[in-house]
Amino acid sequence: MAYSEKVIDHYENPRNVGSLDKQDAGVGTGIVGAPECGDVMKLQIQVDQKTGKIIDAKFKTFGCGSAIASSSLATEWVKGKTVDEALEIKNTDIVNELSLPPVKIHCSVLAEDAIRGAIADYQSKQQAKQPQAQSTGSEG
Amino acid sequence: MSLTFPIYLDHNATTPMDPRVLEAMMPYFCEKFGNASSRNHAFGWAAEDAVSTARGQVASLIGADAKEIIWTSGSTESNNLAIKGVAEMYKEKGKHIITAVHEHKAVIDPCKRLAKEGYDITWLEPDHTGIITADQVREAVREDTILVTIMWANNEIGTLNEIHEIGKICKEKSILFHTDATQAVGKIPVSVQDAGVDLLSASAHKMYGPKGVGCLYVRRRRPRVRLTPIIDGGGHERGMRSGTLNVTGIVGFGAAAALCQQEMDKDSARLEQLRDRLEKSILSQLDGAAINGTPEKRLPQTSNISFAWVEGESLMMAIKEIAVSSGSACTSASLEPSYVLKSMGVGDELAHSSLRFGLGRITTEEEIDYTIEKVVAGVNKLRELSPLYEMVQEGVDLSTVQWAEH
């Protein structure tokens, strides 16, 4: 099947490949997927704890070109956003941006889940650290 | 010699037609266009002569008599005709058929259809080598077994089943033996006499002939095999396959068979050496790379390799100037990992990480060296991207990880 130009671009020049220190209190890590399913994504965010903004993001992905492109795009999009803003990224936005065909929609779902996983991890670290701190507003 | 792109290394899917085959076919399009069944004029006779020459050429390649060749549209039809034709013809004798789980879909699906119609199918499973043994067949045989259908060489991994030994058992027990030899004919010596085969499927386009033509070998003596046709009509091909003969295609199939017979030894020795060079170089440069199927009993020009911690489709993108297959071509549109590899006990994650390299007559040493370089670079690049590789480097045992599955 033919890939869109944007998928090929992200595949050939993946943005933000790498790892952040997962022990760091300002880092949230999301790992989603399973090797048997052919996709595993690891997405990490670094949050500036004063401003609440995501100042860095890294990923590593085992999967097809669309999975790599979806996670690469996700790291680009979350950077500079607040945690709450990042939660608004929907898998359909990724599908549209990368022109993913129907069989590859699950790649975008995984990327959305990876963002949510990273944010949830960050938030649980924050709560553990400051049990009586002010609410970040994103916990329902 | 300079390389031209893309490089074709998917000869198990199809082969380019040999220009000499095209040359043989050319007169039969516009000049000698007769219907081989027109017995009463020169146009028909010319076509019939050409078909008869081709019948001899194909028969000679597989050690058969020319009268035992039934022309079809390809191996899918041949397999359907053999399996359904025997099942219908011999149903009074029994309704048990033996086959294997890692056959081609063109064998699996006719068997599944028969199962729905009340036949009993035994599905043999290979071990990690991918080979179906004669002992497995012997244990599965019953009083009411009418047919054993086991492929000669597997299309994804190239391994050779114990065809000669299975043939012997079928002879002892008076059970018909069909083999889908699509991948073997033209590549390695195939003799229906030596192997005790009663029915054999072959296809022209897998051996440098045209697409859309194949044959079913149907034994005429000891035993005389009968089939119920699946296409009714003018009674062509001894009544087993009606339909005006595809004269140009048949001429091409014959010419391709003659070339394979002449050049098989030379081709297979050369390709085996290139295949081994490909495997040795890749395996020596990459850990976590492994050959699927036994390295010994295999087609000379096929290699199936798993690359742990990288995914096959993304690896194909990394080597996009090289045409290979991830899983078999028939299923590569789906996201399911190869059922052939799974049946041999290759884990799902490695089945997702496998490529099939199919070398052929046009393959050059330069192409193989380029492929080695690209594959090694591609795997290394993707491992840099792979969270699994990172975990393994950190000493994590991936089998102990709780994955958030979808």
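Quantities reported herein were computed from a predicted structural model and do not represent experimental measurements.
For Lys90(A), the NZ atom is densely surrounded, since the number of other residues' heavy atoms within 6.0 Å is greater than 12. Other residues, nucleotides and ligands contribute more than 12 heavy atoms inside 6.0 Å of the CD atom of Glu76(A). Within 6.0 Å of NZ in Lys381(B) there are more than 12 heavy atoms belonging to other residues, nucleotides or ligands. By the neighbour-count criterion of 12 heavy atoms within 6.0 Å, atom CD of Glu5(A) is sparsely surrounded, having that number or fewer from other residues, nucleotides or ligands. Heavy atoms from other residues, nucleotides or ligands lying under 6.0 Å from NZ of Lys211(B) number more than 12.
Rounded to the nearest 0.5 Å, atoms SG (Cys37(A)) and NE2 (His352(B)) are 6.5 Å apart. The line from CD of Glu36(A) to NZ of Lys342(B) is 10.0 Å long, rounded to the nearest 0.5 Å.
Considering only heavy atoms from C-beta on, Ser314(B) comes within 4.5 Å of Ile68(A) through its side chain.
Heavy-atom pairs under 4.5 Å with chain B were tallied for Ile31(A), Val17(A), Val40(A); the largest tally goes to Val40(A). Between chain A and the residues Ser353(B), Gly347(B), Pro387(B), the most heavy-atom pairs under 4.5 angstrom are made by Pro387(B). Comparing Ile8(A), Thr61(A), Asp39(A) by how many heavy-atom pairs each has under 4.5 Å with chain B, the most go to Thr61(A).
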- prompt: After noting the C-alpha distance and the side-chain angles of Lys42(A) and Glu390(B), does the key distance pass the side-chain contact (heavy atoms from CB on, under 4.5 Å) rule?
  reply: CA-CA 11 Å; Lys42(A) 184 185 82 167; Glu390(B) 183 180 64; 2.6 Å; yes
message: Apply side-chain contact (heavy atoms from CB on, under 4.5 Å) to residues Leu382(B) and Phe62(A) and explain how you reach the verdict.
response: CA-CA 8 Å; Leu382(B) 290 167; Phe62(A) 161 88; over 6 Å; no
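With hydrogens and angles ignored, the 3.5 Å screen pairs a side-chain donor or acceptor of Tyr11(A) with a backbone N or O of Ala318(B). Put simply, the side chain of Glu311(B) never gets that close to the backbone of Gly38(A): no donor and acceptor are under 3.5 Å apart.
The nearest pair of heavy atoms linking Lys60(A) to Ser386(B) is CD-O, 4.0 Å.
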